[in-house]
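Report on the following structure.
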Amino acid sequence: MEDTKYIIADNVKLYRKKENLTQMELAERAELSLDSIKRVESGKKTMSLENFLRLTEALCVSLPFLLYDQKNGIPDEERIRCILEGKDDKQKEYLLHMLQEMSDGLEKLG
């Protein structure tokens, strides 16, 4: 099993690049030092929960997206939870209804 700090390092790099950010830009967004970002991305540093949450906000991802090994994938339930996060009750109901409709449609296709 890969060490968690290396999984986090790979995911921080992955999502930083998806956001087209340099390490310096990420450091500024997260209000962390450039050295902290470099050490996290190299797997040499762990961080406090507070700083880790700053990173998730700066990268616009939920916490699990930095914790799970991307090769094994994020569990489906967690992906659905992340999609629903921040939505109001009406939006959640609509999204869940659409998911159910698509599921029913797939079953009909056989």
Side-chain angles (χ1 to χ4, degrees):
M1 179 179 209
E2 192 174 357
D3 192 301
T4 303
K5 65 184 175 184
Y6 294 111
I7 291 171
I8 292 169
D10 289 345
N11 289 339
V12 168
K13 279 186 260 188
L14 172 75
Y15 290 107
R16 177 177 60 79
K17 289 177 181 181
K18 280 187 178 183
E19 288 289 312
N20 293 315
L21 296 171
T22 64
Q23 288 179 328
M24 178 57 100
E25 290 168 331
L26 177 57
E28 289 171 357
R29 262 197 199 182
E31 297 178 2
L32 297 169
S33 71
L34 176 58
D35 283 342
S36 290
I37 300 300
K38 287 181 178 182
R39 286 183 294 212
V40 166
E41 285 193 1
S42 67
K44 294 179 181 173
K45 180 182 180 184
T46 58
M47 33 180 34
S48 70
L49 180 58
E50 180 182 340
N51 287 344
F52 193 60
L53 291 173
R54 284 181 182 187
L55 265 183
T56 63
E57 287 178 25
L59 292 169
C60 304
V61 296
S62 296
L63 186 65
F65 286 83
L66 296 184
L67 295 174
Y68 286 100
D69 184 351
Q70 298 299 315
K71 292 177 282 194
N72 297 330
I74 297 168
D76 294 339
E77 295 83 3
E78 187 60 36
R79 292 176 63 205
I80 292 169
R81 190 192 66 71
C82 289
I83 290 168
L84 296 175
E85 189 174 292
K87 306 293 190 284
D88 65 34
D89 289 341
K90 189 174 182 178
Q91 292 169 326
K92 286 179 186 177
E93 187 58 39
Y94 176 75
L95 290 167
L96 291 171
H97 172 76
M98 293 304 298
L99 181 60
Q100 184 64 56
E101 289 292 316
M102 288 185 284
S103 177
D104 292 346
L106 287 173
E107 288 177 14
K108 289 176 185 174
L109 291 174

task: Give the cluster check for Leu34 versus Leu55: same hydrophobic cluster or not, with ILVMFWY residues linked at side-chain heavy-atom distances below 4.5 Å.
output: no

- prompt: For Glu25, which residues count as a side-chain contact (heavy atoms from CB on, under 4.5 Å) partner, sequence neighbours excluded?
  reply: Leu21, Thr22

query: Can you hop from Met47 to Leu49 via hydrophobic side chains spaced under 4.5 Å?
result: yes

- line: On a heavy-atom basis, the closest approach of Gly43 and Ala9 is N-CB, 3.7 Å

message: Show the nearest heavy-atom pair for residues Lys87 and Ile83, with the distance to one decimal.
response: NZ-O, 3.3 Å

message: Nearest 0.5 Å, please: how far is CG in Asn11 from CD1 in Ile7?
response: 7.5 Å

message: Strictly distance-based, threshold 3.5 Å: is any side-chain N or O of Gln91 a donor or acceptor partner for the main-chain N or O of Asp88?
response: yes

- prompt: Does atom CG of Asp89 have more than 12 heavy-atom neighbours from other groups under 6.0 Å away?
  reply: no

task: Mind checking salt bridge (charged side-chain N to carboxylate O under 4.0 Å, His left out) for Glu19 and listing every partner two or more places apart, or none if nothing turns up?
output: Arg29

message: A quick test of your reading: do over 12 heavy atoms of other residues, nucleotides or ligands sit less than 6.0 Å from NZ of Lys92?
response: yes

- prompt: Roughly how far apart are Leu66 CG and Leu59 CG, rounded to 0.5 Å?
  reply: 6.0 Å

- request: Output the distance between atom CG (Asp104) and atom CG (Leu109), rounded to the nearest 0.5 Å.
  value: 11.0 Å

message: According to side-chain contact (heavy atoms from CB on, under 4.5 Å), who are the partners of Ile80, at least two apart in sequence or on a separate chain?
response: Leu84, Leu99

field: side chain to side chain contact (heavy atoms under 4.5 Å, CB included) assessment of Leu67 paired with Phe52
entry: CA-CA 10 Å; Leu67 295 174; Phe52 193 60; 3.8 Å; yes

field: Sequence-distant partners of Glu101, side chain to side chain donor-acceptor pair (under 3.5 Å), two or more places apart
entry: none

field: salt bridge (charged side-chain N to carboxylate O under 4.0 Å, His left out) contacts touching residues 46-66 (sequence neighbours left out)
entry: Glu50-Arg54

message: Would you compute the distance between atom CD of Glu93 and atom CE of Met98 and round it to the nearest 0.5 angstrom?
response: 12.5 Å

message: Taking salt bridge (charged side-chain N to carboxylate O under 4.0 Å, His left out) as the definition, give me every residue that meets it alongside Glu31, ordered by chain and number, with sequence neighbours left out.
response: none

- prompt: How would you list, by chain and number, every residue that makes a side chain to side chain donor-acceptor pair (under 3.5 Å) with Ser103, sequence neighbours excluded?
  reply: none

field: Residues forming a side-chain contact (heavy atoms from CB on, under 4.5 Å) with Ala27, sequence neighbours excluded
entry: Ile37

side-chain contact (heavy atoms from CB on, under 4.5 Å) involving Ser42 - partner list, sequence neighbours excluded: Lys44

- request: Name all residues meeting the side chain to side chain donor-acceptor pair (under 3.5 Å) criterion together with Glu41; count only those two or more places apart in sequence or in a different chain, and write none if there are none.
  value: Arg16, Gln23

- request: Please identify each residue that fulfils side chain to side chain donor-acceptor pair (under 3.5 Å) with Asn20, with sequence neighbours left out.
  value: none

field: Reported OH-to-CG distance for the pair Tyr15 and Leu26, which is rounded to 0.5 angstrom
entry: 14.0 Å

